[in-house]
Amino acid sequence: MKLFIDTADIEEIRTVARWGVLDGVTTNPSLFAKTSGMTYDEVLAEICRITDGPVSAEVIADDVDGMLREGRHFAKLADNIYVKVPMSETGLEALSRFRAEGIKTNCTLLFTANQGLLAAKAGANLLSPFVGRLDDINQDGMTVIRELVSIVEIHELESEVLAASIRNPLHVTQAALAGSHIATLPFKVFQQMVHHPLTDQGIAQFRKDWDKARQALAKPAATAAGRAAGSRSGS
Ligand code: G3P
């Protein structure tokens with residue numbers, strides 16, 4: 001399963017890229033609103049310098065012409081831009097127009113497998129069901145991932161399922177087991193995946209034991225050096 005980071009924070013993206021586990025980036029207006037000092041275009045261009053994986057840039061317009069205008073603009077920023085289009089009647093029309101133009105897309109705000117099926121048929125390259133937001137309203141978000149992965153496989157659709165609104169490491173494991181092609185994770189979830197109390201304790205213990213062993217080795221050497229110095233001075 002490919003791992004994307006769900007953020008517009010450049011430092012977070014750089015960090016995960018340095019770890020060697022970054023396959024792409026998803027952004028949205030809410031994530032961009034948390035950044036400061038750069039325009040959305042500047043943020044996207046900088047992200048595309050860090051990774052050559054897919055980078056999702058979300059349109060704001062709710063009419064087809066507006067979506068097309070914004071999407072074409074984003075697509076010119078870099079070859080790896082995927083235009084993120086929300087599921088709606090106008091969104092479907094924009095997706096099919098983008099497909100005809102060869103512009104890659106990610107259909108977002110999917111909450112049912114049927115919405116995902118429509119988006120795939122309209123030509124979306126990536127299908128983004130929101131797992132956490134479904135869990136929030138007491139519906140099983142992972143069921144939509146499982147259903148959509150099966151639909152894509154059974155009907156040999158070309159789209160990839162991107163598990164979004166991932167809130168914790170368990171979601172990542174479940175999405176991977178469900179066969180999701182991609183999951184997009186907040187930076188915090190990447191960090192949570194790295195750490196385990198037994199790993200962290202184990203590292204601390206190994207360091208402690210290593211220092212102890214080195215000190216024990218250093219002691220006889222110091223004593224021998226002391227004896228040699230003593231004999232040279234004639235004592
Ligand atoms: O990229 C969109 C999605 O991942 C949002 O997540 O946590 O705001 O539901 P969340």
Side-chain angles (χ1 to χ4, degrees), residues 1-13 15-17 21-35 40 43-44 46-48 50-51 53-62 67 70-71 74 77 80-88 91 94-95 98 104-113 115-116 119-120 124-149 159-176 178 180-193:
M1 183 171 74
K2 286 173 271 188
L3 296 180
F4 290 5
I5 187 167
D6 197 25
T7 186
D9 184 308
I10 301 293
E11 283 317 309
E12 291 180 350
I13 297 166
T15 301
V16 177
V21 299
L22 184 70
D23 296 308
V25 180
T26 50
T27 68
N28 63 35
S30 309
L31 294 170
F32 169 66
K34 291 182 192 164
T35 66
Y40 194 28
V43 169
L44 292 168
E46 185 58 29
I47 295 172
C48 291
I50 300 169
T51 179
V55 174
S56 292
E58 187 157 343
V59 297
I60 300 297
D62 53 10
M67 288 178 182
E70 291 174 13
F74 291 145
L77 294 175
N80 50 333
I81 289 280
Y82 280 57
V83 179
K84 208 173 181 189
V85 179
M87 166 52 63
S88 64
L95 286 169
F98 283 131
K104 295 179 287 290
T105 53
N106 172 0
C107 186
T108 190
L109 287 166
L110 300 177
F111 292 94
T112 67
Q115 289 180 317
N125 300 85
L126 306 177
L127 312 172
S128 294
F130 278 28
V131 174
R133 290 191 198 185
L134 279 169
D135 288 358
D136 289 345
I137 58 162
N138 203 25
Q139 292 182 17
D140 181 16
M142 212 48 74
T143 298
V144 180
I145 301 294
R146 273 191 293 274
E147 289 174 350
L148 200 49
V149 166
S159 315
E160 290 183 291
V161 177
L162 189 167
S165 187
I166 293 288
R167 301 280 175 75
N168 55 58
L170 189 56
H171 275 159
V172 183
T173 310
Q174 289 169 336
S180 192
H181 306 93
I182 308 162
T184 189
L185 333 176
F187 181 61
K188 186 177 155 225
V189 176
F190 272 103
Q191 288 179 308
Q192 288 171 326
M193 286 169 69

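Basis for what follows: all heavy atoms, side chains included, without hydrogens, waters or symmetry-related copies. Ligands are counted one by one from 1 in listed order, and the atoms in each one are counted from 1 as well.
- Of the protein's non-hydrogen atoms, the one nearest atom 6 (O) of ligand 1 is Ser165 CA, 3.3 Å.
- The protein atom (non-hydrogen) at minimum distance from atom 7 (O) of ligand 1 is Arg167 NE, 2.9 Å.
- Applying the 4.0 Å criterion to heavy atoms of Asn28 picks out, from ligand 1, the atoms 1 (O), 2 (C).
- The shortest heavy-atom distance from Glu58 to ligand 1 is not under 4.0 Å.
- For the pair Asp135 (side chain) and Gly141 (backbone), a donor-acceptor distance under 3.5 Å is present.
- Scanning both residues, Val85 and Val59, for their nearest heavy atoms gives CA-CG2, 4.2 Å.
- Looking at Asn80, its side chain does come within 3.5 Å of a backbone N or O of Gly53 through a donor-acceptor pair.
- Within the model, atoms NZ of Lys104 and OG of Ser56 stand 11.0 Å from one another, a figure rounded to the nearest 0.5 Å.
- Looking at atom 8 (O) of ligand 1, its nearest protein heavy atom turns out to be Arg133 NH2, 2.9 Å.
- Of the protein's heavy atoms, Asp6 OD2, 2.5 Å lies nearest to atom 4 (O) of ligand 1.
- Minimum interatomic distance between Leu127 and Ala120 (heavy atoms only, all atoms of both residues): CD2-N, 3.7 Å.
- Taken from CD1 in Ile50 to OG1 in Thr15, the straight-line distance is 9.5 Å, to the nearest 0.5 Å.
- For ligand 1, the atoms sitting less than 4.0 Å from at least one non-hydrogen atom of Lys84 are 1 (O), numbered in the order shown with element in parentheses.
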